[in-house]
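Below is one structure, written out as structure tokens; comments come after it.
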Amino acid sequence: MTEETKSLNFIEHIIEEDLTNGMPKEQLRFRFPPEPNGYLHIGHTKAIGISFGLGEKYGAPVNLRFDDTNPAKEEQEYVDAIKRDIAWLGYKWANECYSSDYFQQLYDWAVQMIKDGKAYVDSQSSEAMATQKGTPTSVGTNSPYRNRSVEENLDLFQRMKNGEFEAGTHVLRAKIDMEDPNMLMRDPIMYRIMYAHHHRTGNDWCIYPMYDWTHGESDYIEQISHSLCSLEFKPHRKLYDWFKDNVYQYSKNAYPLQPKQREFARLNLSYTIMSKRKLLQLVEEKVVSGWDDPRMPTISGLRRRGYTPAAIRKFVETVGVAKRENVIDVSLLEFCIREDLNKTANRVMAVLDPVKLIITNYPEDKVEWLEAENNPENATAGSHKVPFSRELYIEREDFKEEANSKYFRLSLGREVRLKNAYIIKGESVVKDQQGNITEIHCSYDMDSLSGSGTEASLRKVKGTLHWVSVAHAEKAEVRVYDRLFSDEAPDSHKDKDFMEFINPNSLTIVHAFIEPYLKEAVVGDRFQFQRLGYFCVDEDSTDEKLIFNKTVGLRDTWAKQKPKPTQNQPKQSNNQHQRPPIEEIKQLGKKYTNLPEAKQEAAKKKILELAEKISYADLEPLFATATKKTGTRIATAISLAVLLKNGQERTEAIQDFIEKAKEDKNDLLVNEVKNL
RNA sequence: UGGCCUAUGGUGUAACUGGCAACACGUCUGAUUUUGGUUCAGAAGAGUCUAGGUUCGAGCCCUAGUAGGCCAACCA
């Protein structure tokens with residue numbers, strides 16, 4: 001057993017506390033409650049990971065509950081997609097539930113509440129009700145219908161249910177408090193009239209319950225112990241509890257456990273959006289090919305892009321759970337998928353931007369089938385054969401006529417290795433009339449075959465190139481993706497619509513040459529194209545034509561050397577050199593008290609030097625340093641001594657500072673000022 | 001004129017009230033390498049939003065302030 005002492009997140013702390021306070025472990029029960037009005041995205045995987053993860057951790061059931069109370073927006077297609085995605089992620093739900101299954105129970109409770117004077121039928125327009133509701137900063141006023149008799153309310157509600165009224169003419173409201181600072185408590189609507197076909201209940205109902213009423217009571221009916229949702233529902237908690245307390249009075253025998261809602265910060269990912277409404281817009285306006293377009297942050301998009309469930313789960317686990325707003329850098333997601341694929345994806349060779357390479361001293365009709373290791377990270381992965389011949393394709397980027405010593409690839413007169421094959425040397429180039437290179441001629445060292453063990457084969461050369469034999473090359477379409485948005489937070493700009501940040505070059509279609517081994521590949525297979533990245537076979541592939549999606553590139557430290565056009569430059573400027581001396585003094589002071597003695601000496605020396613270069617005006621603000629920042633005060637004292645020695649007049653501020661320092665508990669500080 | 005929530009390296013998350021604030025990503029060095037990948041070794045980067053207070057001792061508790069987020073759908 002590897003008993004990991006992993007630190008707990010705040011939700012786990014709450015659960016642990018409940019457990020130690022006597023809640024039986026068997027009572028633990030969670031739920032994931034999507035509304036079937038769109039596809040799940042990477043943000044949802046956090047919520048899924050939290051609730052299902054807790055279920056796995058505590059061996060507790062987790063219900064998948066579709067919150068289907070708005071037939072106008074919800075569809076069976078979404079139900080199916082959601083189930084598919086959760087299952088693909090590898091989670092198992094205990095029960096497949098629907099809020100619509102509880103409509104009758106909810107209705108009965110609502111009648112009960114009317115009888116108890118806790119709910120009433122309002123018959124105003126939505127505008128009138130909105131006005132009466134007030135604003136966050138001003139209280140609301142009571143509806144003129146607020147004091148209808150129980151009998152009238154019962155009659156009206158019954159008739160609402162019977163379909164006797166037009167949509168929009170009446171609603172059922174909870175009678176709470178129109179002056180509550182929490183607007184959700186200002187007589188929230190429980191039911192509205194709606195003549196719409198529901199994907200499960202058909203036309204059985206013409207009144208539909210609202211979210212707050214339905215969601216909390218669904219938790220209660222399912223006896224969910226911890227109802228976990230995102231931060232924006234925090235204000236709903238008060239109402240959640242109000243409804244729960246009332247209903248509990250009616251049903252405590254049947255449903256003894258009262259659920260507890262807790263909220264966490266949702267996941268945001270840089271360079272993308274996470275709103276279902278906006279994702280739907282991308283789909284509807286055909287900016288992308290569908291919900292599962294590989295550029296979409298949806299689970300189905302990521303799946304098609306080549307992401308694995310393991311990588312996504314690792315990602316969600318790594319980002320953690322807390323209550324503050326956050327934006328996760330996509331580089332973390334990319335790290336997770338690379339880490340997984342590096343261990344599992346077979347290596348193959350493919351050339352995306354080909355130029356012909358001719359080995360002039362290799363026989364014209366000779367073909368060798370060379371051994372290629374499938375995965376150096378996995379000894380059991382085996383190997384496959386790759387054909388080698390006189391004419392090959394290599395990557396255009398892998399050749400330069402002249403190159404400096406930093407360039408490890410092929411150039412004239414220099415040697416490189418062809419992966420799994422021979423060492424070659426650049427000899428000459430053939431160009432067309434425009435000066436474009438059409439052929440590169442080279443010679444090969446016939447004794448240098450990879451793995452042959454000869455002295456020549458063991459020679460160290462600076463670079464290794466991937467290649468594909470021209471005669472044996474298969475063609476394939478490769479879809480190379482860039483981020484969908486050019487802005488780090490496309491929907492965070494008040495003055496600009498997120499659509500303005502769409503990256504016009506988010507998809508590039510490349511016609512590539514691939515080694516014949518790949519002919520066998522089937523939809524969903526994942527490979528590492530050596531030196532390029534990870535790719536997977538897209539479902540658009542046919543028997544005649546293979547199509548690959550680029551999942552993610554390899555880490556590329558070489559690309560970083562070159563000036564890159566992207567906006568992802570490191571922001572940290574190297575301002576160490578030009579930092580004003582006073583800043584350096586502050587920095588040294590910062591750690592002063594924590595340093596071991598020897599380093600303290602060194603720091604002091606440095607401060608003494610720097611202090612020669614500062615003025616009184618620089619130092620004066622530091623006299624006000626907070627008492628507890630002892631280090632800075634010491635640095636200030638040391639510097640002050642230098643100024644005084646150099647003839648600085650004793651101002652009142654100086655005197656105050658010295659006096660106060662002399663009374664400090666810290667001996668280091670006292671020592672510095674006692675002789676001033 | 002309001003209510004609620006949050007604030008820790010560039011990013012995300014930790015830290016039993018107590019040893020130089022930990023981990024991951026990212027960044028930078030170096031080594032290894034038939035992938036400029038992987039792996040390995042190392043470095044830089046934080047006075048825990050500010051100011052007070054309680055305490056022998058505060059990232060953590062209290063007060064005030066500042067900044068950001070959420071709240072006015074017959075949506076969820």
Q.
Regarding A:Ser331, tell me which of base, sugar-phosphate or nothing describes its non-hydrogen contacts under 4.0 Å with the strands shown.
A. sugar-phosphate
Q: Would you mind classifying the nucleic acid contact of A:Gln528 as base, sugar-phosphate or nothing, using non-hydrogen atoms under 4.0 angstrom?
A: base
Q) Is any side-chain heavy atom of A:Gln124 closer than 4.5 Å to a side-chain heavy atom of A:Ser143? A) yes
Q. Across the strands shown, which category fits A:Gln530 at heavy-atom distances under 4.0 angstrom: base, sugar-phosphate, nothing?
A. base
(Q) Measuring only the P atom in each nucleotide, how far is B:U17 from B:A76? A whole number of Å is fine. (A) 42 Å
Q.
Taking the ring of A:Phe388 and the ring of A:Tyr422, is the distance between their centroids below 6.0 Å?
A. yes
Q.
Please give the distance between the P atoms of B:A73 and B:G9 as a whole number of Å.
A. 36 Å
Q.
Donor-acceptor check, side chain of A:Ser270 to backbone of A:Val330, threshold 3.5 angstrom: yes or no?
A. yes
Q.
Donor-acceptor check, side chain of A:Arg417 to backbone of A:Ser448, threshold 3.5 angstrom: yes or no?
A. yes
Q) A:Phe264 has an atom CZ; how far is it from atom P of B:G12, in whole Å? A) 17 Å
Q. With a non-hydrogen cut-off below 4.0 angstrom, is A:Lys406 in contact with a base, only sugar-phosphate, or nothing?
A. base
Q: Supply the atom-to-atom distance A:Lys343 NZ to A:Asn375 CG, rounded to the nearest 0.5 angstrom.
A: 11.0 Å
(Q) Students often get this wrong, so: under 4.0 angstrom with heavy atoms, is A:Lys133 touching a base, only sugar-phosphate, or nothing? (A) nothing
Q: Would you please say whether a donor-acceptor pair under 3.5 Å links the side chains of A:Arg347 and A:His466?
A: no
Q) With a non-hydrogen cut-off below 4.0 angstrom, is A:Val139 in contact with a base, only sugar-phosphate, or nothing? A) nothing
Q.
According to a cutoff of under 5.5 Å between the ring centres and under 30° between the ring planes, does A:Tyr211 stack with the base of B:A76?
A. no
Q: Give one of base, sugar-phosphate or nothing for A:Glu179, where a contact means two heavy atoms less than 4.0 Å apart.
A: nothing
**Q.** Interatomic distance where CZ belongs to A:Arg347 and P belongs to B:G36 [whole Å]
**A.** 13 Å
Q. Whole Å only: how far is the CD1 atom of A:Ile328 from the P atom of B:U13?
A. 6 Å
Under 3.5 Å, which N/O atoms of the protein pair with N/O atoms of nucleotides 66-70 of chain B?
from  : atom 1 : to       : atom 2 : distance (Å)
B:G69 : O2'    : A:Glu325 : OE2    : 3.1

Q: Establish, from distance only, whether the side-chain atoms of A:His236 and A:Gln261 form a donor-acceptor pair under 3.5 Å.
A: no
Q | Toward the 5' end of RNA chain B, by each residue's nearest nucleotide, A:Ala265 or A:Asp67 | A | A:Ala265
